[in-house]
S.K.: 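Okay, here's the structure, questions in a sec.
Both counts, for ligands and for their atoms, begin at 1 and track the order of listing. Below, each value reflects all heavy atoms present in this structure, side chains not excepted, and no hydrogens, waters or symmetry copies.
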Amino acid sequence: MFLLLKHAVPQLAVASRVRKQNAFCAYGIFHSAVKYVSTQEPPEAAGKGVPCKQFTTIGKILNTTAHKRVGFGEKISIVGLDDIGTAIVYTLLAKEITQNICMIDMNEEILEGEHLDLQSSAMFLKNPKIISSKDPADTRDSKICVITTGTYKGRDEDDMDYIARNAGIVRAIVAPLAKYSPNAIFLVASEPVDILSYVTWKLLGIPKNRIIGTGTLMDTARFRFLLGEKFGVLPECCHAYIIGQHGPHYSVPVWSSANIGGVLLKDMNPLIGTDKDPECWFELYEDAVKAEGLVRQLKGCASWSLALGVANVCKSILTNANKVLPVSTYVKGEHAIKDEVFLSLPCVVGSNGITDVIRQNLNDNEAVVLRRGAENTADLQAAANKIIA
Ligand SMILES: NC(=O)c1ccc[n+]([C@@H]2O[C@H](COP(=O)([O-])OP(=O)(O)OC[C@H]3O[C@@H](n4cnc5c(N)ncnc54)[C@H](O)[C@@H]3O)[C@@H](O)[C@H]2O)c1
């Protein structure tokens, strides 16, 4: 079932949009007379009580008075529908994590285009229910709201200006989302992800277990990929984490507990991860955290990998799988962190969001870098605090 249009009616005043409108009419979905295409409602009679011929035909074939009940599963709303948001929607549908999606953006053309594209794939999916809208009211009763709105940092832009701008965007969207889905879990993917997770928590005042930032999930995924390549085993069998602040500056590769099949790498190579290691394993970490910037330089943004990561978190929530994932959470008090910040630690993710934080046995150096990242995040957060005060 595809629903659209209440809030995305094309602007007929613009010539090119008129052409687009006509093209869409062939599908009968963007025509103003057709508000909904629904598998749940029986066809209405057309005109003044005279049944439409088409519906008469349907009535000869089907018992149209019987309502067809379709189970769509729990609803996931994705806010921000450019490269990242679109990749997330596609991944959620293709991996059959939910059949109940709401796509929100302020750009009507993106909404229409993506909706039409996805509608064309209904035959290959499981007849999903997809709503496209500018109106946050359409996210009502979401189990998860994924935030991917944002802007990228300008080449010479000051950190504080960039943070303030993206905090302002989050401020504009999260309160209406929480109004319509008061029990939702908020999954923040927008950058800077740790600070925007904090901003979401501060603005909404909801329990911290219901705010999850993608944090170092992708740093860890890339780290495990590179380890897997070295050892010739699946990345998921490389038990290694990058924690702390997302990105290349204050994230922490936890070499002290990295293991393959229960064998600690540091037991085989006590210098592993240090700059004194003759095997230079620290380069794996450096490559992992630099990869996102490289992808961005080459193709705009790391959309597919992040989408799979987000889908993985969503699946753990919807199935109450209690997966342990390195995601951004409230960390004050963990590892002697004094600042009120969100950073990544291995977290247990289930139907209530983050239900536990794993207390890793970090070595002194790892704990120091983690705390330094917390201080740096708190300093940068000052720009966001001004916006949300
Ligand atoms: N967490 C990670 O690992 C990671 C990786 C890559 C990118 N990102 C971040 O993900 C975010 C999205 O990336 P993208 O390439 O899709 O970004 P983008 O800036 O191209 O797209 C953002 C979308 O949000 C929409 N939008 C902006 N303000 C809105 C509002 N108030 N209401 C509704 N829609 C609004 C825009 O119309 C646009 O479609 C960025 O913040 C980016 O930095 C995160």
Side-chain angles (χ1 to χ4, degrees), residues 7-8 77-91 102-115 131-139 145-154 157 159 162-177 180 186-200 203 211-223 242 244-248 251 288-313 325-328 342-344 384 387:
H7 313 285
S77 291
I78 293 86
V79 187
L81 213 60
D82 207 359
D83 292 339
I84 305 276
T86 309
I88 292 171
V89 170
Y90 177 79
T91 308
C102 177
M103 309 191 290
I104 298 282
D105 203 287
M106 57 188 188
N107 183 326
E108 292 179 357
E109 294 204 2
I110 285 189
L111 282 172
E112 292 171 15
E114 295 299 348
H115 194 98
I131 300 172
S132 314
S133 178
K134 285 174 74 178
D135 186 349
D138 285 320
T139 62
C145 293
V146 184
I147 313 295
T148 78
T149 50
T151 54
Y152 286 90
K153 187 170 179 293
E157 190 178 15
D159 279 345
Y162 161 65
I163 291 165
R165 186 175 65 246
N166 279 357
I169 292 174
V170 167
R171 183 183 56 186
I173 60 168
V174 292
L177 294 173
Y180 294 107
F186 285 77
L187 177 48
V188 180
S190 307
E191 297 272 28
V193 65
D194 299 309
I195 293 176
L196 296 185
S197 302
Y198 162 87
V199 166
T200 304
L203 286 169
I211 310 281
I212 306 176
T214 51
T216 58
L217 181 65
M218 302 319 300
D219 301 305
T220 297
R222 292 178 190 114
F223 190 40
I242 291 179
Q245 188 191 71
H246 167 55
S251 54
V289 291
K290 282 183 194 152
E292 186 179 321
L294 189 57
V295 175
R296 206 186 138 196
Q297 212 179 314
L298 294 169
K299 61 158 273 198
C301 68
S303 51
W304 297 116
S305 50
L306 180 58
L308 281 160
V310 166
N312 199 261
V313 177
L325 298 167
V327 285
S328 197
F342 276 60
L343 292 180
S344 288
I387 299 294

S.K.: How close do Ser303 and Ala87 get, counting heavy atoms only, and between which atoms?
M.R.: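 Where Ser303 meets Ala87 most closely, the heavy atoms are O-CB, 3.8 Å.
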S.K.: Which residues pass the side-chain contact (heavy atoms from CB on, under 4.5 Å) test with Thr149, sequence neighbours left out?
M.R.: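 Once residues adjacent in sequence are excluded, the partners of Thr149 under the side-chain contact (heavy atoms from CB on, under 4.5 Å) criterion are Val79, Ile147, Ile169, Ile173, Ser190.
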S.K.: Would you indicate whether the side-chain heavy atoms of Tyr180 and Ser77 approach each other to under 4.5 Å?
M.R.: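 No. Closest side-chain heavy atoms not under 4.5 Å.
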S.K.: Mind checking side-chain contact (heavy atoms from CB on, under 4.5 Å) for Thr91 and listing every partner two or more places apart, or none if nothing turns up?
M.R.: Lys95, Ala307, Leu308, Ala311
S.K.: Quick one: list whatever passes side-chain hydrogen bond (donor to acceptor under 3.5 Å, both in side chains) with Glu292, sequence neighbours left out.
M.R.: His246
S.K.: Would you check ligand 1 and list the protein residues that come within less than 4.0 Å of it by any heavy atom, ordered by chain and number?
M.R.: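 Its neighbours under 4.0 Å (heavy atoms only) are Gly80, Leu81, Asp82, Asp83, Ile84, Asp105, Met106, Ile110, Thr148, Thr149, Gly150, Tyr152, Ile169, Ile173, Ala189, Ser190, Glu191, Thr214, His246, Glu292, Cys301, Leu306, given by chain and number.
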S.K.: Closest approach of Ser344 and Ser328, non-hydrogen atoms and distance?
M.R.: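 That closest heavy-atom pairing would be OG-N, 3.3 Å.
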